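Since we're looking at a predicted model, the values are computed, not measured. Each chain gets a letter, A, B and so on, in the order its sequence line appears, and its residues count up from 1.
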There are 2 protein chains.
Amino acid sequence: MPASQQRKTPTIRDVAREAGVSVATISRFLNNPAILQAETARRVEAVMEELEYIPKLAARNLSSRNTRTLGLITEYLDGEFFLPLLTGMESAAFEHNYSLLISSTRHWKESRQRMLPLGPHNCDGLLVFPGSLPAEYLERWQRQEFPMILIQHMLAELPALPRITIENRQSSRDATLHLVQVHGCRRILYLAGPEGHHDARQRLAGYQDGLAAAGLPADSQLILSGQFNEESAFAVCRQAIQQGLQFDAILAGDDDSALGALESLRAAGLEAVPLIGFDGILLGQRSRPPLATVLAPTEEVGELAVQHLVGILEGKQVPLESQLPCTPHFFGSCGCPLP
Amino acid sequence: MPASQQRKTPTIRDVAREAGVSVATISRFLNNPAILQAETARRVEAVMEELEYIPKLAARNLSSRNTRTLGLITEYLDGEFFLPLLTGMESAAFEHNYSLLISSTRHWKESRQRMLPLGPHNCDGLLVFPGSLPAEYLERWQRQEFPMILIQHMLAELPALPRITIENRQSSRDATLHLVQVHGCRRILYLAGPEGHHDARQRLAGYQDGLAAAGLPADSQLILSGQFNEESAFAVCRQAIQQGLQFDAILAGDDDSALGALESLRAAGLEAVPLIGFDGILLGQRSRPPLATVLAPTEEVGELAVQHLVGILEGKQVPLESQLPCTPHFFGSCGCPLP
DNA sequence: ATGAAAGCGCTAACAG
DNA sequence: CTGTTAGCGCTTTCAT
């Protein structure tokens with residue numbers, strides 16, 4: 001028999017008996033001490049202290065029909081993206097007095113279990129990375145009105161659920177205009193991300209918005225596929241340079257590809273060409289010159305996701321799509337002097 | 001009333017009724033389908049499928065007096081250390097059919113005592129970073145025989161609990177000997193970490209072991225404080241160089257300080273001086289030359305921690321201290337050619 | 001192999 | 001303000 005089942009901790013009954021009150025009083029103290037008579041509350045508190053009483057969550061959950069737990073469901077637990085997101089979520093969850101349960105789906109591809117690690121059976125709501133699990137679950141849970149928030153990142157066919165995104169398009173447009181207006185660029189090479197990627201698509205659109213706003217032609221030859229990946233970006237840029245493609249700046253869909261581009265520019269002796277990335281990864285700030293980029297508010301995404309989820313749990317209405325603003329950081333590789 | 005309390009999902013009773021059996025049978029199916037008559041099992045399974053039945057965890061927990069949940073309690077959710085650790089823990093937890101609850105203590109300095117986010121009330125065991133919470137809790141929980149595993153990292157006065165560490169000392173000794181035997185170094189500068197840091201202390205001891213094993217004198221002037229921090233390390237190295245301190249290699253307690261050292265060597269035109277770090281951080285592999293280092297098995301630490309915790313929960317005996325081996329990666333900045 | 005029934009520890013009416 | 005008393009949904013004897 002597992003050790004965990006041996007231990008015996010005091011229950012609400014023990015406290016009630018010791019304090020000479022009923023269990024209801026103890027329960028009330030737990031949930032709203034203010035409604036008790038001051039003297040009673042004092043006594044109860046003292047007994048709890050003495051007995052080192054801590055209410056069992058399972059019992060509260062069962063009785064109150066909620067778990068005060070939020071689930072985070074994602075495929076991978078890595079990347080520069082995940083950690084700040086988690087930090088934001090954890091902060092907000094704590095603030096609202098919720099716990100955070102984490103599960104990666106990279107394992108349970110095939111564990112056709114009835115008990116998924118995360119779901120309505122063990123949390124009050126879910127923070128979901130689209131693509132991390134079959135849409136079938138999302139649909140079922142949506143049908144059951146189980147509260148969920150999507151962290152928009154990948155693109156996927158999804159039910160209409162509240163989602164958090166960042167202002168990819170607007171920011172990418174701003175970056176484009178910065179290159180045009182501040183640095184006088186007119187032929188901006190764009191390093192696009194993967195086709196199926198939500199952010200990638202929005203950012204590309206923003207680049208095109210920017211060109212249009214500047215009255216510049218949209219030359220499709222200037223749009224290359226960087227795959228959000230340093231190596232691909234390097235290769236594709238090098239080839240473009242060798243083939244004599246004319247351009248006077250590079251805008252990358254993300255910092256990884258921007259780093260690849262930077263490398264290729266350096267190799268070709270073109271370090272003067274303005275370059276801007278997107279995301280604000282750590283490596284970017286350590287490159288020489290530091291990467292000009294757009295800072296994504298990842299931690300805020302995590303916070304807002306939790307705030308909205310909690311909002312739903314409290315019966316509030318939340319917007320179907322929330323976009324968080326990014327912060328331009330156009331210094332270094334774009335040509336602007338560092339502050 | 002919260003939306004979460006409105007939903008109504010089928011209970012074990014609904015399934016029992018539909019399947020024409022008793023709730024006990026359903027419970028048995030849940031816990032050990034094999035003991036049912038094949039035909040009964042089939043019917044139960046079908047009904048569950050049809051009703052989309054999923055057992056409520058709170059009820060199971062309350063009844064079975066365990067949660068199948070593990071808690072991870074740490075002060076900060078950041079650093080290159082945390083993510084691989086989390087990955088390892090999540091994998092192992094999933095494998096053993098446990099959930100992982102995460103909580104950072106950076107918030108609850110002052111929050112109400114009762115109902116800590118993590119503890120015996122909501123998990124079966126805890127993975128603890130020493131220093132993340134007052135020893136008082138550890139002691140109480142130990143008294144109550146609540147299963148815990150320590151991730152040894154910081155140094156602290158702690159109860160005798162099973163802990164996971166890495167072979168800091170042995171690896172640091174190996175690195176020292178590599179510098180001596182392969183590169184013929186005789187005056188190795190050591191960049192020590194913070195005083196109170198467990199790993200730092202062990203690694204320093206390993207360096208000293210190495211010197212002793214090589215029959216080299218232990219010159220205390222060669223031990224500098226790098227504080228596991230790039231800037232400090234850079235500053236301290238630069239000063240040493242300017243003051244004319246004689247050394248023919250640098251061994252750093254961690255990669256961050258090694259990177260600082262590398263910078264100072266470069267600044268002084270001393271790039272030929274062999275340099276080895278410790279940890280295997282990402283940045284190290286991107287520096288030029290790539291940092292020679294000792295790869296810490298962080299993900300494995302996470303896995304083993306969970307395995308041991310689960311072991312305790314299953315009534316097994318686990319060692320009080322487990323040391324995981326590191327992997328030498330002596331290429332690049334030590335002078336050995338890259339493979 | 002299956003059913004009946006007694007909890008697990010707490011919350012939430014309903015009384016008083 | 002406080003006590004009484006049903007449950008919450010499952011597990012687990014104890015019978016059959």
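Geometric assessment of A:R106 against the ring of A:Y76 yields a negative cation-pi assignment under the 6.0 Å and 45° thresholds.
In this model, the phosphate group of D:dT2 is approached by a side-chain N or O of A:T40 to a distance below 4.0 Å at OP1 or OP2. Proximity of A:T11 to the phosphate of C:dG9: no side-chain N or O atom is located under 4.0 Å from OP1 or OP2.
Atom CD1 of A:I35 and atom P of C:dA12 are 11 Å apart (whole Å). Here the P atom of nucleotide C:dA1 and the CZ atom of B:R42 are 18 Å apart, to the nearest Å. The distance between atom CG of B:L57 and atom C1' of C:dC8, rounded to the nearest whole Å, is 14 Å. Taking atom CG of A:N61 as the reference point, atom P of C:dA12 lies 12 Å away to the nearest angstrom. One can place CG of B:N122 at 15 Å from C1' of C:dG9, the figure rounded to the nearest angstrom. At whole-Å resolution of the value, CZ in A:F29 and P in D:dG3 are 15 Å apart. In this structure, B:N66 atom CG and C:dC8 atom C1' are separated by 12 Å, rounded to whole Å. B:I12 places its CD1 atom 14 Å from the P atom of C:dA4, with the value rounded to the nearest Å.
Residue B:S27 is in base contact, counting any heavy-atom pair closer than 4.0 Å across all strands shown. Within the nucleic acid shown, A:I26 has no heavy atom closer than 4.0 Å to any nucleic acid atom.
Counting heavy atoms from C-beta outward, B:L150 and B:L127 have side chains that stay 4.5 Å or more apart. Counting heavy atoms from C-beta on, the side chains of A:E75 and A:F129 never come closer than 4.5 Å.
For A:Q37, taking side-chain heavy atoms from C-beta onward, the closest of the listed nucleotides D:dC1, D:dC8, C:dT11 is D:dC1. Of the candidate nucleotides C:dA4, C:dC14, C:dC10, C:dC14 has the atom nearest to the side chain of A:R28. The nucleotide whose nearest atom lies closest to any side-chain atom of B:N31 is, among D:dT11, D:dT2, C:dC10, D:dT11. For A:K56, taking side-chain heavy atoms from C-beta onward, the closest of the listed nucleotides C:dC10, C:dT2, D:dG3 is C:dC10. Comparing D:dC10, C:dT2, C:dG9 by their closest approach to the side chain of B:R60 singles out D:dC10. With D:dC10, C:dT2, C:dC10 as the choices, the nucleotide that has an atom nearest any side-chain atom of B:R13 turns out to be D:dC10.
Nucleotides of DNA chain C nearest to A:S63 and B:A24 differ in position, and the one nearer the 5' end is that of B:A24. Between B:R43 and B:A59, it is B:R43 whose nearest contact on DNA chain C lies nearer the 5' terminus.
Taking 3.5 Å as the limit, the base of C:dG7 and the side chain of B:R65 contain no donor-acceptor pair of atoms between them.
How far CD of B:Q323 is from OG1 of B:T165: 4.0 Å, rounded to the nearest 0.5 Å.
Electrostatic pairing of A:E18 and A:R13 does not count as a salt bridge here, judged by no charged N lying under 4.0 Å from a carboxylate O.
When each of A:L62, A:N61, A:L57 is tested with B:L62 by the rule side-chain contact (heavy atoms from CB on, under 4.5 Å), just one qualifies, namely A:L62.
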